[in-house]
Amino acid sequence: MAVNVIKEKCRGCTICVKNCPFEAITMENKLAVIGTACTGCGVCVEKCPFDAIEKSEESKDTVDLSEYRDVWVFAEQREGALMPVVKELLGEGRKLADKIGCSLCSVLCGNHVEGLADELFEYGADKVYLANHKELESYRTDAYTAVIHDAIKSYKPEIVLLGATHIGRDLGPCLAVRCNTGLTADCTKLEIDEVDKKIKQTRPAFGGNLMATIVCPNHRPQMSTVRPGVMEKAEKQEGRKGEIISLSVSFEKDDIRTRILEVVKEAGEAVSLTDAEIIVSGGMGLGGAEGFELLKKLADKLGGVVAASRAAVDAGWIDHSYQVGQTGTTVRPKLYFACGISGAIQHVAGMQNSEQIIAINKNPAAPIFEVADYGIVGDYNQVIPALIEALDK
Ligand SMILES: Cc1cc2nc3c(=O)[nH]c(=O)nc-3n(C[C@H](O)[C@H](O)[C@H](O)COP(=O)(O)OP(=O)(O)OC[C@H]3O[C@@H](n4cnc5c(N)ncnc54)[C@H](O)[C@@H]3O)c2cc1C
Ligand code: SF4
Ligand code: SF4
């Protein structure tokens with residue numbers, strides 16, 4: 001979208017200057033001038049009382065869509081270990097690649113991370129684009145963006161998937177802007193249109209009240225960040241092999257503007273809800289932080305972890321990193337205990353794909369029983385100790 005001032009109509013009232021959210025308009029010789037910070041949002045067009053600003057469609061992009069092939073998954077690694085979401089992306093990426101009839105590839109950046117390529121092959125990647133460099137050891141926006149953007153230019157993937165982790169959410173938009181393409185953030189569902197083979201990307205919007213399905217018709221690659229924990233992990237195929245394509249990496253002195261001084265790990269980061277097979281989750285019904293101590297006893301007995309509803313987190317009983325739900329973590333364990341959790345849609349959105357759900361709630365009418373496989377109506381203070389006792393026997 002291009003935005004232009006029609007000089008003959010501009011009266012120099014400065015209304016547009018005050019209204020531009022990006023401070024992109026200045027006044028020169030009593031005429032509005034639109035600068036390079038303009039994002040084409042169109043606010044000034046609406047605000048100018050004299051219709052002196054017009055918006056025009058830029059000429060249609062001339063991207064040759066047929067040049068783009070393959071589905072790419074960003075192999076996010078931290079300290080030389082793949083993030084769990086990568087296996088989920090490979091699982092989903094394989095389905096998309098099969099539907100389109102193309103290869104599933106992975107792009108891996110780091111320092112001495114070539115060993116991870118085998119793991120990527122075993123989880124379904126046909127090819128791994130590998131960038132090894134000491135400057136890529138830890139994630140930094142400039143370095144990763146430069147390397148992956150170069151790879152995208154050279155090898156032209158049709159689809160690029162990233163986990164919607166802190167890193168993926170930072171890297172995705174930087175790459176999309178460099179590639180001048182579309183990105184849908186935080187997707188919970190991806191499908192291929194049977195007719196035109198384009199990807200339909202669905203994500204919750206407006207606090208989950210609306211599911212938006214978004215397509216990127218004229219630009220490539222089609223990019224999505226995908227919410228961790230939503231897609232099924234790829235099955236491991238022991239000994240499966242693939243092709244490694246090394247990317248040449250070189251950096252000039254000022255290419256990377258950020259330096260990592262220290263990485264501080266909060267205790268909360270140790271919680272890996274997405275990996276847990278058994279989760280014992282508590283909500284407002286626990287009545288206080290000490291309720292989680294009882295839940296922890298049950299979780300320890302079962303080899304699981306504790307989690308919480310947002311209400312319990314908001315009450316300050318437990319850290320946010322334990323929160324399950326739409327604004328917390330999405331989980332799909334084998335067994336999910338919901339203790340003193342009412343079953344609000346925002347909570348259920350984050351745990352409904354659990355294999356088995358056991359609800360413990362005083363109120364038989366609580367909506368959590370609608371998604372539960374087994375329900376116990378009762379006070380958790382009595383039910384959980386009884387469960388622990390039964391397990392001890
Ligand atoms: C935009 C938005 C995003 C949100 N995101 C999330 C999210 O990510 N995750 C999330 O969880 N919520 C989220 N919420 C909040 C959500 O709407 C609910 O408010 C929240 O899930 C309620 O938490 P709760 O079930 O613990 O508490 P409550 O709804 O208060 O339920 C407590 C339950 O405990 C039962 N109970 C009481 N005493 C006992 C007892 N002794 N033994 C057994 N049962 C007992 C009660 O019968 C009741 O059913 C979000 C809300 C909004 C608006
Ligand atoms: S289109 Fe938006 S960003 Fe551009 S000048 Fe107008 S108000 Fe500012
Ligand atoms: S609002 Fe319209 S008339 Fe006023 S300065 Fe901006 S372009 Fe000119």
Side-chain angles (χ1 to χ4, degrees), residues 1-56 204-210 227 229 273 281-288 291-292 294-295 307-315 317-318 320 322-331 337-352 359-370 372 375-385:
M1 206 74 78
V3 180
N4 304 303
V5 176
I6 307 163
K7 284 186 185 153
E8 296 72 35
K9 288 192 180 175
C10 176
R11 307 257 186 103
C13 70
T14 74
I15 287 174
C16 58
V17 177
K18 290 176 200 125
N19 280 286
C20 172
F22 301 96
E23 297 180 358
I25 312 180
T26 49
M27 298 302 293
E28 286 177 23
N29 301 325
K30 295 193 178 158
L31 286 178
V33 174
I34 297 186
T36 50
C38 173
T39 63
C41 72
V43 168
C44 57
V45 180
E46 304 286 327
K47 295 287 178 186
C48 174
F50 306 102
D51 294 331
I53 308 183
E54 61 177 4
K55 200 161 65 168
S56 59
F206 296 110
N209 292 321
L210 188 83
R227 188 177 286 199
L273 292 178
S281 193
M284 280 311 267
L286 298 192
F292 283 100
L294 187 55
L295 263 48
S309 73
R310 173 156 150 181
V313 170
D314 288 348
W317 299 346
I318 191 162
H320 171 73
Y322 292 88
Q323 185 185 314
V324 166
Q326 187 191 304
T327 43
T329 304
T330 305
V331 298
F337 285 88
C339 312
I341 292 177
S342 58
I345 182 69
Q346 294 89 352
H347 185 81
V348 170
M351 46 68 82
Q352 62 193 349
I360 302 165
N361 198 303
K362 275 207 304 205
N363 176 7
I368 192 70
F369 288 120
E370 288 164 26
I376 303 171
V377 178
D379 186 331
Y380 86 96
N381 274 309
Q382 287 157 5
V383 176
I384 306 246

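Start at 1 and go down the list; that is how both ligands and their atoms are numbered.
One option in Met284, Arg310, Gln326, Met351 has a heavy atom closer to atom 4 (C) of ligand 1 than any other, and that option is Arg310. By heavy-atom distance, the residue among Ala37, Cys20, Cys16 lying nearest atom 8 (Fe) of ligand 2 is Cys20. Of the candidates Gly285, Cys339, Gly378, it is Gly378 that places a heavy atom closest to atom 43 (C) of ligand 1. Between atom 9 (N) of ligand 1 and the options Thr330, Asn381, Val324, Thr329, the minimum heavy-atom separation is to Val324. Remark: among candidates Val348, Asn363, Ile360, Asn361, the nearest residue to atom 35 (C) of ligand 1 is Asn361, based on non-hydrogen atoms.
Within the 2.8 Å limit, Cys48 places no N, O or S atom next to atom 8 (Fe) of ligand 3. Put simply, Cys13 gets within reach of atom 4 (Fe) of ligand 3, with an N, O or S atom under 2.8 Å from it.
Distance from atom 6 (Fe) of ligand 2 to its nearest protein heavy atom, with residue and atom name: Cys44 SG, 2.2 Å. Distance from atom 4 (Fe) of ligand 2 to its nearest protein heavy atom, with residue and atom name: Cys38 SG, 2.4 Å. The protein atom (non-hydrogen) at minimum distance from atom 2 (Fe) of ligand 2 is Cys41 SG, 2.3 Å. Nearest to atom 1 (S) of ligand 2 among the protein's heavy atoms is Gly42 N, 3.2 Å. If you check which protein heavy atom lies closest to atom 5 (S) of ligand 3, you get Thr14 N, 3.3 Å.
The shortest N or O to N or O distance between Gly340 and ligand 1 is below 3.5 Å. Inclusion of Ser342 in the set of residues having an N or O under 3.5 Å from an N or O of ligand 1 is warranted. Inclusion of Ala308 in the set of residues having an N or O under 3.5 Å from an N or O of ligand 1 is not warranted.
With a heavy-atom cut-off of 4.0 Å, Val17 does not touch ligand 3 at all. Residue contacts with ligand 1, taken as heavy atom pairs separated by less than 4.0 Å, involve Ala344 solely via side-chain atoms from C-beta onward.
Side-chain N or O atoms of Tyr380 include one that pairs as donor or acceptor with a backbone N or O of Leu286 at under 3.5 Å. The backbone N or O of Ile341 sits less than 3.5 Å from a side-chain atom of Asn361, completing a donor-acceptor pair. A donor-acceptor pair is defined here as one N or O able to donate and one able to accept, closer than 3.5 Å; no such pair exists between the side chain of Asn29 and the backbone of Leu31.
Within the 4.0 Å heavy-atom cutoff, Asp379 counts among the residues contacting ligand 1. Not close to ligand 1: Val313, with no non-hydrogen atom less than 4.0 angstrom away. For Gly328, the heavy-atom gap to ligand 1 drops under 4.0 angstrom.
Put simply, the side chain of Ile368 reaches to within 4.5 Å of the side chain of Met351, judged on heavy atoms. Residues Cys48 and Lys9 are not in side-chain contact: their nearest non-hydrogen atoms beyond the backbone lie 4.5 Å or more apart. A 4.5 Å side-chain heavy-atom check between Leu295 and Phe337 finds every atom pair outside the cut-off.
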